[in-house]
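Remarks on the structure that follows.
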Amino acid sequence: MTIKLTWYGHSTWGIDVAEHRIILDPFFDENPASPVKADQVEADFILVSHGHFDHIADAASIANRTGAQVVANYEIATWLNTQHNVENTLGMNLGGKVDLPFGTVQMTMAHHSSQLPDGSYGGFPSGFRLTIGDQTIYFACDTALFTDMKLYASDVAVLPIGDLFTMGPEDSVAATQLIAPSKVIPTHYNTWPPIEQDVNQWVDQVRASTSAEPVVFKAGESIEI
Ligand code: NI
Ligand code: MN
């Protein structure tokens with residue numbers, strides 16, 4: 001099965017599987033790295049990893065315009081429904097799996113925080129592990145390094161490298177060793193000065209210390225994986 005990934009800068013991803021369009025952590029309008037605005041985005045499903053602004057900012061507007069189903073933890077799904085009139089939500093929680101038309105989505109652990117933009121409790125932060133055809137893709141989302149990542153062994157890993165708010169380049173190389181993917185993709189970096197990273201140095205470290213192929217996207221770029 002062909003899976004097309006598109007990076008919209010920061011931590012926002014498009015995942016196209018056949019006719020299904022999935023957006024992970026929609027942050028477009030105030031994302032300085034995004035080449036498109038939220039009203040240009042089409043989606044059938046929106047996955048939200050946690051409550052922080054840079055992951056949820058445009059979830060409600062895109063969902064309410066397109067009718068996309070928002071998949072998030074129970075607290076965030078409820079907040080989107082009651083505070084932003086999003087009707088089509090699917091609340092889940094850590095460790096749970098759900099079969100959707102494009103594949104299976106598992107909500108994975110993440111070591112981070114999840115307060116919503118208005119100060120509401122956002123439940124636990126998460127990542128997502130997608131099983132699409134015979135491929136597994138693990139989006140760690142915002143998290144520190146943790147050894148249980150070895151439980152999320154996947155063909156493709158999408159890992160934060162920005163440091164400060166998430167794991168940085170060195171820990172993402174250690175995470176790559178635990179997950180043992182054939183491809184590893186960096187995310188959550190270079191959006192703003194505090195999370196600037198030299199991605200070429202990271203590529204060299206991945207090549208030197210892991211058997212994964214580093215795949216670096218430019219913002220707006222789509223690659224079939
Ligand atoms: Ni965050
Ligand atoms: Mn973030």
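Indexing begins at 1, ligand by ligand and atom by atom, following the structure's order. Quick note: numbers below take in every heavy atom, side chains included, and nothing from hydrogens, waters or symmetry partners. If you read the sequence from its start, that first residue is 1, and numbering goes on from there.
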Where do Ser126 and Leu94 land on the side-chain contact (heavy atoms from CB on, under 4.5 Å) test, with the steps shown first? CA-CA 7 Å; Ser126 72; Leu94 299 178; 3.8 Å; yes
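Asp142 contributes OD2 as its N, O or S atom closest to the Mn ion (ligand 2). Shortest distance from the Mn ion (ligand 2) to His188 is reached at NE2 (N/O/S atoms only).
For Phe27 and Tyr8, the ring centers sit 6.0 Å or farther from each other.
The aromatic rings of Tyr152 and Tyr138 lie tilted to each other, with the angle between the two planes from 30° to 60°.
A donor-acceptor pair under 3.5 Å links the side-chain atoms of Asn73 to the main chain of Phe124, judged by distance alone.
For Asp54 atom OD2 and His55 atom NE2, the angle they make at the Mn ion (ligand 2) is roughly 90°, to 10 degrees. Centred on the Ni ion (ligand 1), the ND1 atom of His52 and the OD2 atom of Asp142 lie at an angle of 180°, reported to 10°.
The Ni ion (ligand 1) has His50 among its coordinating residues (N/O/S atom, backbone or side chain, under 2.8 Å).
The only option from Phe165, Trp192, Phe217 that meets the ring-ring contact (aromatic ring centres under 6.0 Å, His included) definition with His10 turns out to be Trp192.
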